[in-house]
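What follows is a single structure, written as C-alpha cells, with notes after it.
Below, read A as the first sequence line, B as the second, and so on, with proteins coming before strands; counting in each chain starts at 1.
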Amino acid sequence: MSNEANTPPIATIASLASFEGQTITLRGWLYNLRASGKLLFPIFRDGTGTIQGIVPKAAVTEAVFETLKNLTLESSLTVTGKVRADSRAPSGYELDVENIEVLQRVPEDTPFPITLKEHGVDFLMEHRHLWLRTPRQSAILRVRATIMRAAAEYFDTNGFIRTDPPILTPNACEGTSELFEMDYFDDDKAYLTQSGQLYIEATALALGKVYSFGPTFRAEKSKTRRHLTEFWMVEPEVAFLELDGLLNLAEAFITHIVTTVLAHHRADLKVIGKDIAKLEAVIAPEAATTSESEIEKDASSRPEPKAEWRDPRISSGAPQTSAPVNKFPRLSYDEAHAMLEKAFAEGKIEAPHKYGDDFGSPDETYISSQFSKPVMIHRYPAAIKAFYMQPDPLDPTKALCVDVLAPEGYGEIIGGSQRVDSYDLLKSRIEAHGLPLDAFQWYLDLRKYGSVPHAGFGMGIERVVAWICGLDHVRETIPFARTLNRIYP
RNA sequence: UCCUGAGUAGCUCAAUGGCAGAGCAUUCGGCUGUUAACCGAAGGGUUGUAGGUUCGAGUCCUACCUCAGGAGCCA
C-alpha cells in the first residue's frame, strides 16, 4: 500500500466519466479477461458497473503483466490506471492499467462457477450467492431497490404514516391460506403473517392514512413463475376512503413507481432486456385503447362517492408528480366476464369463464393483453372474496374490491377493497366463514368505537419488479428467493 | 395435491438397443484492439438411485429421488 501524498483518488466505475484523463484507483473484481499475445483486456467490475482495462506488455512491469495474465475470474483486486475515452468501448471509457494489487486470488482448481455462457435454473439458484454478481442480476436488484424506494416515497410525501404490523401473528388473518406455523413459548402457536391488513386497519383508524411495508409469508404449495413463499408487500390503508378513491390511489401509486424507474434506470432496463416503450405506454396520459371508452362510459354511470369521504389529494390524480392525470382501464367483474365470453366465442381463450367464479390465470393473461396499461377489475362476486370486504350498496352480491392486473400477462399485482364498517355485518361474516369470534374481537372493536368507511390494498413487490423488468420468473426479483423446493442458499 | 417434462464431464447439451461425444470452463502453448475474442493441445465420466427385460441398456419397462413448467390458491 502506498502512503504517498499523490496516491490516486479512489473512484467507482459508474463515476468514471468525471475522471477522464486522470489516474484513479478502482476496488473490485476481475469480471473477464481476454488476452492477445502481449496485450491483455481485463474487464473489471466494482458493483456500480464494468469497465475494460487495456494492458500492453511494454506499458507495465513484468510482475503486473504476469500477475494479471494469470489472474482468475472474480479474484478481488485494486487496480490503478488512467481513464481514457474510447469510441470502441461499450461504456465510452477504457482504463489504461498502470498497477494492480490482488487482494484474494480465486484458486484455479475451484474456478468461479458462473461463466459467461448459459446456465440452467437449478444451477443458478444453487449458486444464487454468486449469480448476484452478474450484470443482469445486479441491474434487477438496483431496479427493485428503486421500486421499493418509490413506493415508500409516494406514501411518505402524501401524508401516510408508516405503521408496520407484526410478523408473528396468533391466527390466520383471513382464515384461508396455509400459514407457516411455529411454537410460541409454552402452549401457544404462532404464525408468520400472510398480510398486515387487519392490523393496519387499526392504525388507519388511529392515524388516518397509513401504510406498511414488509415481508409476508404463504405456505401454499404454489409452484409457478408468480409465486414465492416469502415476499414483500406494501399495503396502504386509509380512513374515510371508498372504492373509487382506492382505484385513484392505486393508479397514482403505480404511475409514480413506473415514472421513477424510467427516470433512473434506462441503462439497467436495457441490460435486463426490457422493452422500455411498454413502460412508457403505462404512464402515457392519453387513452391507450378503444376498449377504454366503453369502460369510461360505464364508470361514469355510477354514482359519485360522497364528497366528504373523498380525500382531495388522492382524488386529484397523482399529487406527488406534476404528470398529467393517468387513466388505467377500469372494468367491473361483469364487464370482464363479458370480455372473456366474447374471447371464448372467438376462440381466443381455451376454456370458457363461468360467471361467479374467480378469474383463472389464463383469463387474467387474456384480459391484461387487451390493454397497454394495468387493468383494474372491480366489484367481484362477494361469495368468492374475503369476509372483510364491504358489499356494493347497488348490488349486495358484489364486493367493493379491486384487483389490478399488470400488463403483458404478469398477473395480479394489487388486491384491495373497501372494508366492512358495520359491526353486525362483520360479526355475521366472521361467523359465516367459520372463523373464531374471540380471535377477531379486537378487529370487531374497530367497528364498535367510531367506525368509518375505510379502504386499502396490498401490492406484491416481486410481481411488480418482474413486470417492470420483464422477467419470466419472480425468483430473480429478490436477492434470495424462497420457493416451494428451495431454501438454500 | 394433480398434470406434463427433464436428469449424461464443473456448466450447456449431443449420442437409431451396439466403442461415452462436442462447446464452454480449467491447465499448457500461440497471437498487440479483443467485445461470450480466436487458434492448437491436455486432463476431466459409477449416464439421478434401485431393480427388471436383453447376447448387449445413456437409450426399453417398474418404483423412487431431484428439479422445472402448468393447474388450483394467491400478491
Under the 3.5 Å rule, do the base of [N] and the side chain of [X] count as making a donor-acceptor pair?
X: A/T115; N: B/rC11; result: no
X: A/R34; N: B/rC31; result: no
X: A/E94; N: B/rG33; result: yes

Think [X] has a side-chain N or O under 4.0 angstrom from the OP1 or OP2 of [N]?
X: A/R225; N: B/rA71; result: no
X: A/H119; N: B/rG10; result: no
X: A/S361; N: B/rA71; result: yes
X: A/R475; N: B/rG69; result: yes
X: A/K117; N: B/rC11; result: no
X: A/N32; N: B/rA36; result: no

Check your understanding: Would you say the ring centroid of A/F359 lies under 6.0 angstrom from that of A/Y380?
Key -> yes
Could you tell me how far [M] sits from [N] if I compare only their [atom1] atoms? Round to whole Å.
N: B/rG43; M: B/rC3; atom1: C1'; answer: 44 Å
N: B/rU47; M: B/rA57; atom1: C1'; answer: 11 Å
N: B/rG18; M: B/rU59; atom1: C1'; answer: 11 Å

Review point. Touch check for A/K223, heavy atoms < 4.0 angstrom, all strands: base, sugar-phosphate only, or nothing?
Key: base
Review point. With a 4.0 Å cut-off on heavy atoms, is A/L228 in touch with a base, just the backbone sugar-phosphate, or nothing at all?
Key: base
Review point. Which residue, A/T259, A/I257, A/V258, forms the side-chain contact (heavy atoms from CB on, under 4.5 Å) with A/T255?
Key: A/T259
